[in-house]
Every structure is written in structure tokens, then in C-alpha cells.
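As the structure is a computational prediction, the values presented were derived from the model and not from experiment.
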Number of protein chains: 2
Amino acid sequence: MTRQRRVLVQIIQSADGHLDAVALWQRAQERDPAINKVTVYRTLGLLKKFGLVDELDLMHLEGGKHYYEAKATRDHIHLACIKCGRIQEFESVLFEKLKGQIERERQFQISTVRVEAGGLCDRCR
Amino acid sequence: MTRQRRVLVQIIQSADGHLDAVALWQRAQERDPAINKVTVYRTLGLLKKFGLVDELDLMHLEGGKHYYEAKATRDHIHLACIKCGRIQEFESVLFEKLKGQIERERQFQISTVRVEAGGLCDRCR
DNA sequence: ATAACTGCAAATCTTTTGCTTACAG
DNA sequence: CTGTAAGCAAAAGATTTGCAGTTAT
């Protein structure tokens with residue numbers, strides 16, 4: 001557990017939105033100007049591997065980059081508005097049931113699930 | 001409607017698995033050696049825009065590339081085994097209900113949904 | 001001490017853009 | 001004809017790798 005990792009983990013934990021690797025790196029630089037982008041990628045790789053963060057694509061609204069968020073206690077769905085870019089989160093017991101169905105019917109042991117919907121949000125439709 | 005587009009659309013339509021842009025380009029070259037990779041990207045962009053193909057990430061099992069498949073009549077979920085890499089597809093009425101719930105409760109007009117689960121398949125667990 | 005981690009530079013890979021030529025309708 | 005698409009080269013952006021020096025434990 002190094003200084004750099006502490007900084008990165010804390011930023012991810014306390015972030016309100018969804019950060020991509022470069023945005024995370026920029027925020028980290030505010031606290032530790034020497035921190036390297038490569039370290040960010042390597043740390044994200046680790047956190048992902050240990051299931052501490054979720055990796056999102058948010059329907060590629062902004063190209064091919066990936067976004068990260070601290071793994072929540074409860075999985076949630078991301079709704080990405082293709083017009084205004086707003087990202088909403090959504091929880092549902094149906095989603096929980098769906099996961100259960102997958103594990104049961106396919107004997108598939110889920111370690112990560114990602115649900116992303118693209119479309120028009122209530123404000124934009 | 002050009003020769004190149006016809007080739008590309010036909011490959012996507014008849015593909016059994018999930019192709020990334022480069023794999024699609026390679027298959028296209030077998031039929032039309034002069035076809036350019038850029039044309040593949042541009043055509044994929046169009047097909048995506050018109051909702052004729054779905055773009056997947058398959059849990060980034062192989063890095064940051066994207067995969068494409070012809071939009072099916074019925075949405076389905078992708079299950080990616082993190083051990084053997086096998087991709088399974090899964091349909092469910094629960095999934096359909098979940099989409100309905102999102103549209104109703106959030107007044108969100110879904111144009112594309114993507115559900116991907118990573119974990120261990122029945123053979124690997 | 002020593003195994004793991006960081007920084008730096010450079011490589012790799014995917015995707016996008018500008019511009020000219022070619023082709024479909 | 002005329003607008004749209006394709007090809008080519010080059011750019012841009014994201015992520016990964018090799019290696020030498022540094023740090024956590």
C-alpha cells in the first residue's frame with residue numbers, strides 16, 4: 001500500500017461521478033504532482049482484478065475510453081442519455097432476480113455484471 | 001449502397017460469433033482484398049448509428065476493443081467466462097420486464113441496452 | 001534485505017481525421 | 001452530373017511494456 005495507491009483509491013471512493021483513467025490521473029496530480037499516468041493504469045488494473053472497482057463504458061458516448069467507479073454494495077444500472085450525456089443510475093429487484101436466474105439456469109458464477117442503456121432521458125425526449 | 005458495404009453487412013449478418021473491427025476487416029479482405037480498414041470503421045459507425053448492429057465489450061476480456069453483432073429481434077445478455085473466454089448468450093423475460101420498468105419509472109426511452117456478465121461458466125467453475 | 005511498486009520513455013493498438021480520387025444513383 | 005463513399009497516410013487517443021531506480025514491509 002503506497003502513497004500513490006492511497007491517493008487513487010480515495011479519489012475513486014469519494015468521486016461523485018464516473019472517472020476515466022486520465023481524469024483520475026489529473027485529479028490525483030492535484031494531490032501528488034509526480035504521480036504517473038502509468039501508475040494509474042496499473043492501479044486500476046489491480047482494483048479491477050480484485051473486484052474493488054467496476055469498469056464501465058457508458059455506451060461509448062465519448063469514444064473508446066473506460067470509466068471506473070467504486071464497486072457498490074448493490075449493483076446498479078447505468079442510463080446514458082445520447083442527447084445530453086447525463087448518466088443516471090438505477091437499482092431494481094428485477095435486476096437482482098435476473099442475476100439469480102442466470103446463475104441458476106446457466107450455472108454461471110457471476111463476478112461482475114454491467115447493464116448500460118442508451119437512449120433519451122426524461123428531459124430530452 | 002456500395003460493394004464494400006454489402007460485403008461488410010453480409011459478413012456481420014452471417015457471422016456466428018462476435019467480431020471486432022479488425023477481424024471484420026480481415027474477413028472482408030478475403031472477398032475484396034482492396035477494402036480498407038477505415039471503411040470498416042466508418043461502416044460500423046453508420047450501422048451503429050442506425051441501430052442495425054450492437055456494440056459490445058464482452059467485459060474487455062481482450063483489452064479495449066469493441067465487438068459487433070447484428071441487432072437481434074430480441075435483446076440478449078452476454079455471459080463472458082473469465083477463465084476460458086467462452087461467450088454465451090442468454091434471453092430472459094425478466095430482462096424484458098426490467099427494460100419496461102426503466103422506461104416507465106424513469107421516463108427513459110431506451111434505444112440500446114447492453115447487459116454483460118463476467119464470471120465462471122459451468123465448465124470452468 | 002528483498003519483493004513489489006513507481007516513473008519514464010517508448011511501443012502497441014484501436015479508432016479518427018483530412019484530403020483526393022472514384023463510384024452510385 | 002453531383003453528392004456520397006472509399007482509399008491512403010497520418011494523427012490522435014488509450015493502454016501496455018521494458019527497464020532502472022525507489023519504497024514498503
Side-chain angles (χ1 to χ4, degrees), chain A residues 1-12 17-50 52-69 82 85 114 116 118, chain B residues 1-12 17-50 52-69 80 82 85 112 114 116 118:
Chain A
M1 180 52 70
T2 60
R3 180 172 37 83
Q4 292 90 327
R5 288 190 181 170
R6 252 187 292 272
V7 170
L8 291 171
V9 168
Q10 216 220 311
I11 292 172
I12 295 173
H18 304 96
L19 297 168
D20 65 275
V22 174
L24 174 58
W25 173 61
Q26 288 167 339
R27 288 211 193 176
Q29 282 196 309
E30 293 168 12
R31 300 200 210 174
D32 178 353
I35 201 165
N36 195 283
K37 209 190 292 188
V38 176
T39 301
V40 174
Y41 279 107
R42 286 197 273 234
T43 302
L44 283 173
L46 267 184
L47 295 174
K48 213 180 354 172
K49 180 174 157 195
F50 289 111
L52 299 171
V53 301
D54 277 329
E55 188 177 42
L56 311 169
D57 298 280
L58 302 180
M59 299 313 281
H60 305 291
L61 255 40
E62 289 181 69
K65 57 188 167 189
H66 302 148
Y67 301 85
Y68 301 88
E69 68 178 9
I82 55 180
R114 186 163 69 208
E116 299 184 351
Chain B
M1 181 51 71
T2 60
R3 181 172 36 82
Q4 293 88 328
R5 289 190 180 170
R6 252 186 293 272
V7 170
L8 292 171
V9 168
Q10 216 221 311
I11 293 172
I12 295 174
H18 304 96
L19 297 168
D20 65 275
V22 174
L24 174 58
W25 174 61
Q26 288 168 338
R27 288 211 194 175
Q29 282 195 311
E30 293 168 12
R31 299 199 210 175
D32 178 352
I35 201 165
N36 195 283
K37 210 190 292 188
V38 175
T39 301
V40 174
Y41 280 106
R42 286 198 272 235
T43 302
L44 283 173
L46 265 185
L47 295 174
K48 214 181 349 174
K49 179 174 157 197
F50 289 112
L52 299 172
V53 300
D54 277 329
E55 188 177 42
L56 311 169
D57 298 279
L58 303 180
M59 300 311 281
H60 304 292
L61 256 39
E62 290 181 68
K65 57 188 168 189
H66 301 149
Y67 300 85
Y68 301 88
E69 68 177 10
I82 54 179
T112 311
R114 186 163 69 205
E116 300 184 351

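- Bracketed by its first and final contacts, the part of DNA chain C lying under 4.0 Å from non-hydrogen atoms of chain B reaches from C:dT14 to C:dG25 in 5' to 3' order.
- Taking CD1 from B:Ile11 and CZ from B:Arg6, the interatomic distance works out to 13.5 Å, rounded to the nearest 0.5 Å.
- Atom CG in A:Leu58 sits 9.0 Å away from atom CZ in B:Arg114 (nearest 0.5 Å).
- Contacts of B:Arg5 with the nucleic acid, taken as non-hydrogen atoms under 4.0 Å apart, involve only primed sugar atoms and P, OP1 or OP2.
- Between the CH2 atom of B:Trp25 and the P atom of D:dG7 there is a distance of 11 Å, rounded to whole Å.
- Summary of the strand contacts: B:Thr2 and B:Glu55 both lie near DNA chain C, and taking for each the nucleotide with the nearest heavy atom, the more 5' one is attributed to B:Glu55.
- Note: A:Asp20 CG to A:Leu56 CG = 11.5 Å, rounded to the nearest 0.5 Å.
- Atoms CG (A:Leu24) and C1' (D:dT15) sit 14 Å apart, rounded to a whole Å.
- Scanning all heavy atoms of the two residues, the minimum distance from A:Tyr67 to A:Asp57 falls at CE1-O, 3.9 Å.
- As rounded to whole Å, 15 Å separates atom P of D:dT17 from atom CG of A:Asn36.
- The closest side-chain heavy-atom distance from A:Leu44 to A:Tyr68 is below 4.5 Å.
- DNA chain C is contacted by both B:Tyr68 and A:Arg3; A:Arg3 maps to the nucleotide lying nearer its 5′ end (nearest heavy atom per residue).
- The NZ-P distance, from A:Lys37 to D:dA14, rounds to 7 Å in whole Å.
- One can place CD1 of B:Ile35 at 11 Å from P of D:dC8, the figure rounded to the nearest angstrom.
- A close approach under 4.0 Å does occur between a side-chain nitrogen or oxygen of A:Tyr41 and OP1 or OP2 of D:dT15.
- The nearest whole Å value for the distance from the CG atom in B:Leu61 to the C1' atom in D:dT15 is 16 Å.
- In this view, A:Glu55 and A:Lys48 satisfy the salt bridge (Lys or Arg N to Asp or Glu O under 4.0 Å) rule, not counting sequence neighbours.
- Between D:dG18, D:dA5, D:dG7, one nucleotide has an atom nearer to the side chain of A:Arg42 than all others, and that is D:dG18.
- Along DNA chain D, the nucleotide nearest to B:Thr39 and the one nearest to B:Gly64 differ in position, and the one closer to the 5' end is contacted by B:Thr39.
- Residue A:Glu62 contributes atom CD, which lies 13 Å from atom P of D:dG13 at whole-angstrom precision.
- Checked against D:dA6, D:dT25, D:dT15, the side chain of A:Met1 finds its nearest nucleotide in D:dT25.
- Remark: side-chain polar atoms of B:Trp25 are paired, donor with acceptor, to backbone N or O of B:Ile35 under 3.5 angstrom.
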